[in-house]
**Student:** 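Pasting in a structure now, in structure tokens, and then I'll have a few things to ask.
Both ligands and their constituent atoms are indexed starting at 1 by order of listing. Bear in mind the structure is a predicted one, so any value in this text is a computation, not a measurement.
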Amino acid sequence: MSRIVYVNGDYLPEDEARVSVFDRGFLFADGVYEVTSVLGGKLLDFAGHAKRLQRSLDELEMANPVTEDELLAIHRELVSRNGIEDGLVYLQVTRGAADRDFAYPKDAKPTLVLFTQSKPGLADSPVAKSGLKVISIPDIRWGRRDIKTVQLLYPSMGKMAAKKAGADDAWMIEDGFVTEGTSNNAYIVTGNRIITRHLGNEILHGITRAAVLRFAREAQMEVEERAFTLDEAKAADEAFITSASMFVMPVVEIDSVKLGDGTPGPVATRLREIYLEESRQAAV
Ligand code: PDD
């Protein structure tokens, strides 16, 4: 069965879906995106993703082609048409097609594309039991990482550098401080304290991050939102990452330095359980 994708109001078999070669998403990476996870056929943190999408669009003065209610309906329709039990919904809005010009076009109609990825057992990944190995790489991305744009070549290169080094992912470093992972937010745990970089233009404001920090505080865990150095991370008791596709995932090694005894730590493991339990309950 061919996947059904959404393009500008139509639900189409994936090999019939088309966007223009003049689309500014293609020519200028002039587009933003969201990834929302699906567990048990329901969407996790949908409202958070819709809110961040609006913020990304506003920052780029790009029109939103749909209301939040319409967006939810499209997500649900795609999940249903593709029979997604566990997986992801990818959404992208671009400024649309226009003759190539660096200035924003006045009359372009935004392009809206959504598709699903089926990932059976997404929440039961064996990696949660073994943990991730990360390497460090310099953060040479642009200065507005808080806008979720589709310019993902450097994160993609970082992921490849990690794979070549026998690791799973890369943490990016700026002025000695960890910004975030290639496609996730980064955390360390020292003693009982969870430390993660404060919000700003330097990192994406993770929707999973917001939920996890809220749950951690509700569980009386200590949370400190500040930049931490790579050296501090290597000396930490444990580390983990968060994202819509990985939820909370333990990190057990940084640049070949084992954290603690080299297995997932209790804080990351507990937060993963809490996040999955609470998010499933609140899923729509
Ligand atoms: N990535 N930081 C970066 C650079 C990201 O690309 C992501 C998400 C996050 C975590 O954000 P959230 O918790 O809202 O997923 C942080 C998505 C999953 C992706 O590109 O596939």
**Student:** Short question: side chain of T179, backbone of M172 - any donor-acceptor pair under 3.5 Å?
**Tutor:**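 Yes.
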**Student:** I'd like to know if the side chain of E238 reaches the main chain of V267, judged simply by a donor and an acceptor atom lying under 3.5 Å from each other, with no hydrogens or angles considered.
**Tutor:**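 A pair under 3.5 Å: yes.
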**Student:** Using the side chain to side chain contact (heavy atoms under 4.5 Å, CB included) rule, pick out the option among I194, T196, L259 that qualifies with F240.
**Tutor:**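 The residue from I194, T196, L259 that satisfies side chain to side chain contact (heavy atoms under 4.5 Å, CB included) with F240 turns out to be I194.
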**Student:** Are R197 and F228 in a cation-pi setup, meaning NZ or CZ lies under 6.0 angstrom from the ring centre and within 45 degrees of the ring axis?
**Tutor:**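 Not flagged: R197 not positioned over aromatic ring of F228.
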**Student:** One pair per line, please: each N/O atom of ligand 1 matched with every protein N/O atom under 3.5 Å away, atom names first, then the distance to 0.1 Å.
**Tutor:**
| from | atom 1 | to | atom 2 | distance (Å) |
| --- | --- | --- | --- | --- |
| ligand 1 | 1 (N) | K148 | NZ | 3.3 |
| ligand 1 | 1 (N) | S183 | O | 3.3 |
| ligand 1 | 2 (N) | E180 | OE1 | 2.7 |
| ligand 1 | 13 (O) | I207 | N | 3.4 |
| ligand 1 | 13 (O) | T208 | N | 3.0 |
| ligand 1 | 13 (O) | T208 | OG1 | 2.6 |
| ligand 1 | 14 (O) | R52 | NH1 | 2.8 |
| ligand 1 | 14 (O) | R52 | NH2 | 3.0 |
| ligand 1 | 14 (O) | I207 | N | 2.8 |
| ligand 1 | 15 (O) | A244 | N | 2.8 |
| ligand 1 | 20 (O) | Y33 | OH | 2.6 |

**Student:** Salt bridge check: are E85 and K119 linked by an N-O gap of less than 4.0 Å?
**Tutor:**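 Salt bridge: no.
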**Student:** Determine whether the side chains of E180 and N184 contain a donor N or O and an acceptor N or O closer than 3.5 Å.
**Tutor:**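 Not at all, the side chains of E180 and N184 share no donor-acceptor pair under 3.5 Å.
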